[in-house]
Structures are given as structure tokens and as C-alpha cells.
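One is the number of the first residue; the rest follow in order along the sequence. Computed from a predicted model, the values in this text were never measured in an experiment. All heavy atoms count here, side chains included; hydrogens, waters and symmetry mates do not.
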Amino acid sequence: MARQAREDLFDQTTPVGRLSLVQVVMLAGDTLVTISLAGSLFFSISPTEAKSKVFYYLLFTLAPFAIVSPLLGPLIDRSRGARRAMVIFSALGRAILCPLMALHVHSLLLFPLAFLVLVLSKLYLVTRGALVPEVAVMAGADQNGEQTQYATLNARLTLLGTVAGFVVAVPGGAIWKLGGSSALLWVDAFVFIGAAVAGFRLPTFTRPRPAPPAARDDEGPVDERTADLARLRPVAHPEVLLGLTAMSIIRGVQGFQIFLLAFGLRRLKVGLYIYGLALSASGAGAIVGLVVLGRLRKRMSEQQLLLSSLCLIAASSAGVAVWGTLVAQVLLAFMVGMAGALAQPSFDAMTQRFIPQAAQGRAFARFATRQQLIWVLGSLLPVVVSFTLPQGDAVMAVLAAVGALTYVTGRRALR
């Protein structure tokens, strides 16, 4: 997986390579924005004040989807060239906003500017999801004569973006230390200009696309009906709706764990380094999950990968709830990160397979909105309720187990 992702990136003669370059530069720019705005949200204020600030932060993360989903989602599907235009617009918009943020980094104007940057970031992620089927078809068969699987391509792109974030964090942190947030935002503006140039190199899809290969028997027929994607719970293929529920539970558990650790470690008066280790373990788990996904996809369907991710979270959370040590919490963060990395590309591939391509921009926007909503709800639970770490781990185990059981019974009902 890692070798193929690297080959994709350095082969700029193919549509996959060009989209890979866009992904790397975009995610590098997003990482630099995050570093420039980084602050001690949990550890420099009182627990009571932290809870109110977290509540506003969670609303802030959800708000961009209210714009991307109903307003920009349909524009992504308006024409095949619109998807490339949205990628360029997302990059150029952030290239303009970063210098403005640098000029107002100490004023209240920073907040609406940062909000717009977040909207454009979500716009790119939604557009990228709709571009993957187009790029996969144009890429054709690989050297083994096999059509590129959507889940595998999603994973390679996510892996490249994750690694790009890790790599750019080192010089980004150095610039932030030496010149502050303003200097880093000015540098980031040039990064996004590079992303816009890379976006111009994406192909336009002006010719009729060949029909996608028929789905295997264990994946069910491809649904070509017109989907009603104008609601939070859209009418779509049942496999996609069941997968959306499973993926939303995983996202909710991820949000729950982040804030459970943040407040749980504060109550234990444990140093910040434990929380840093847990976040690093989660990132490492995500990379491992992305790397092994390609091999697993050859033996398992996307639906089986989703179910396995839920079972992995349920089993590991139950074990850590009994074990109860801080080392176990770090290991659990690794397992949850790996499960999420296995599940998200698999669900994206199901959306790309079962939703008609003309509606995929709206589909990804709606589905991302619902996942983010569940993430926010999961994150709020440990903010409102003061769980101990073992109690929170038990809650995670129950949520994942119920999600796995619901997914199994739902799929059996379809047969």
C-alpha cells in the first residue's frame, strides 16, 4: 500500500498521481493552519471553563457542514468540470484567507476567517470523495490486470495525506516557534497556491464514462436509481444506509474517546505527555490501518471491513475497561485509530459504488454532515458526564457492540 501510494505520487502522468499530489499539498496546508491556531484548550484553564469552551468548539466544527452540504454539494454535481473547479476554488480561497488571518491573528476577526478556512477544507474533502470513481475509471486496470478498488484508492490517498501532515508538522512547528502564527500563515498561503496549481492539472471529465464493473454477488447490485439526497437521512441503497449508521457509530466513538481522555486525565492530574502519547498512538494506528487495508480488501468486502472495525473497537474497549491502566488507554487509542482507518475508506467505497456518480457530491456532503453530527454528540457525552476512564471504555465497548449487532441484523434482513 505504502509503496503503491508513493508510486502514485511520483507518477504525474496519470490522473491518480495528480489527485495524489493535490491530496498531499492540501493536507499539508491544513496541518499548518492547525499548528498556527493551536492553543491549550484543555490544560491552561479550569475544568469548568474548559467544558463551556469545548461546547463552542464542537459547534464550530459542525457549522461548516451546514454550508457545504445544502449549498455547495449540488454545485459539485452540476457538471463534471465543476469538481475540478471546486478543488481549485478551495485552494485559492484558503490562499487568500491565510494572509488575512495572519493580519488579524489577535483580533476577533480571526474567528470568522478560520471558519471560512474550515468550510473550504470540508469542501475539498467532499469533492475528493466524488472524484475518486472518475479517477479510478480513467486509471483503468493495474499491472496485474485488475481494476483499482475504490477502498484501496481511498486508503492510499488518506495515507498520503496523513504522512504529509506528519512530515510538514516538523518545519511548521519550527516556523511557529521562531516567527509565531502570523509567519506560519503567510507560508501556508504559498502552500495553498501550490495546491491550486496542482488542482489545475487534474483532468476534466468531458466524455461519457464507461459503465462501472458489475458488483460481486456478496456486494449486491449497484443501485442506479435517482437518490433523494436533500435530507439528513437520504433515500439511497440500503447497503449505504446501513454502512452510514455503522460508520457514524465509529466516528461517535472516536470523538467520545478524545474528550474522555482529555477530561479523565485532567481529573487524575496526569501530565500532558500521556494525552500526547494517546494522540500519537491514534495517528500511528490510523497509518497501520491504511497500510493493511489494501491486503485485507483482497480477502474481505467493504461491508466485512466495516463490521470488523466495530468488533475490534468493542473487543479492545472491553479489555481495556478491565485492564484499567494508562498504558492500556494508549493502546486503545491505537486500536480505535486503526479501526477508523479501516472503516472510513471502506464506507467511502460503498458510497462510490452504490450511489450514482451524478449524485455523489451531494451524497458525500450529506454523509459527512451526519458523521460529524454523531462525532459531536459522542464528544459531548464525556463533557457533560464525568466518566472515569474504565467507565468510558465500557461505554465505548457497548456502543460498538450494539453497532456491530445492528449492522449484522440489518444486512441479514436485506437478503
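- Phe347 and Phe367 have tilted rings, their planes meeting at an angle from 30° to 60° on a 0 to 90° scale.
- Take Ile193 and apply the side-chain contact (heavy atoms from CB on, under 4.5 Å) test, not counting sequence neighbours, and it matches Ala95, Phe190.
- Counting heavy atoms from C-beta outward, Met101 and Val117 have side chains that approach closer than 4.5 Å.
- Using modelled atom types, one finds a donor on one side chain and an acceptor on the other under 3.5 Å when comparing Asp393 with Gln329.
- Within 6.0 Å of CZ in Arg295 there are 12 or fewer heavy atoms belonging to other residues, nucleotides or ligands.
- Using a 4.5 Å heavy-atom cutoff, the side chains of Leu131 and Leu202 are in contact.
- A donor-acceptor distance shorter than 3.5 angstrom exists from the side chain of Ser309 to the backbone of Ala339, with no hydrogens or angles considered.
- With hydrogens and angles disregarded, no donor-acceptor distance shorter than 3.5 Å links the side chain of Gln257 to the backbone of Gln254.
- Remark: Glu239 does not engage Arg353 in a salt bridge, criterion side-chain N to carboxylate O under 4.0 Å.
- For the pair Arg94 and Asp188, the salt-bridge criterion is not met [side-chain N within less than 4.0 Å of a carboxylate O].
- No donor-acceptor distance shorter than 3.5 angstrom exists from the side chain of Ser20 to the backbone of Leu9, with no hydrogens or angles considered.
- Within the 4.5 Å cutoff, the side chain of Ser308 has no heavy atoms near those of the Leu342 side chain.
- Gln304 and Arg299 form no side-chain donor-acceptor contact under 3.5 Å, judged by distance and modelled atom types alone.
- Side-chain atoms of Val291 and Ile287, non-hydrogen and from C-beta on, do get closer than 4.5 Å to each other.
- Listed for the Ser316 side chain is no donor-acceptor partner under 3.5 Å among the backbone atoms of Leu332.
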**OP:** Take Tyr275 and Phe263 through the test ring-ring contact (aromatic ring centres under 6.0 Å, His included) and record every step on the way to the result.
**Re:** CA-CA 10 Å; Tyr275 191 61; Phe263 286 100; 9.6 Å; no

Original post:
Can Gln303 and Tyr407 be said to form a side chain to side chain donor-acceptor pair (under 3.5 Å), step by step?
Top reply: CA-CA 9 Å; Gln303 293 89 338; Tyr407 190 56; 5.4 Å; no

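- For the pair Ser346/Leu293, a side-chain contact is recorded, criterion being any heavy-atom separation below 4.5 Å from C-beta on.
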Original post:
Trp176 and Ser181: side chain to side chain donor-acceptor pair (under 3.5 Å), yes or no, with the steps?
Top reply: CA-CA 6 Å; Trp176 182 78; Ser181 297; 3.2 Å; yes

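- The side-chain heavy atoms of Leu331 and Trp323, taken from C-beta on, include a pair separated by under 4.5 Å.
- A search for salt bridge (charged side-chain N to carboxylate O under 4.0 Å, His left out) contacts involving Asp348 returns nothing, not counting sequence neighbours.
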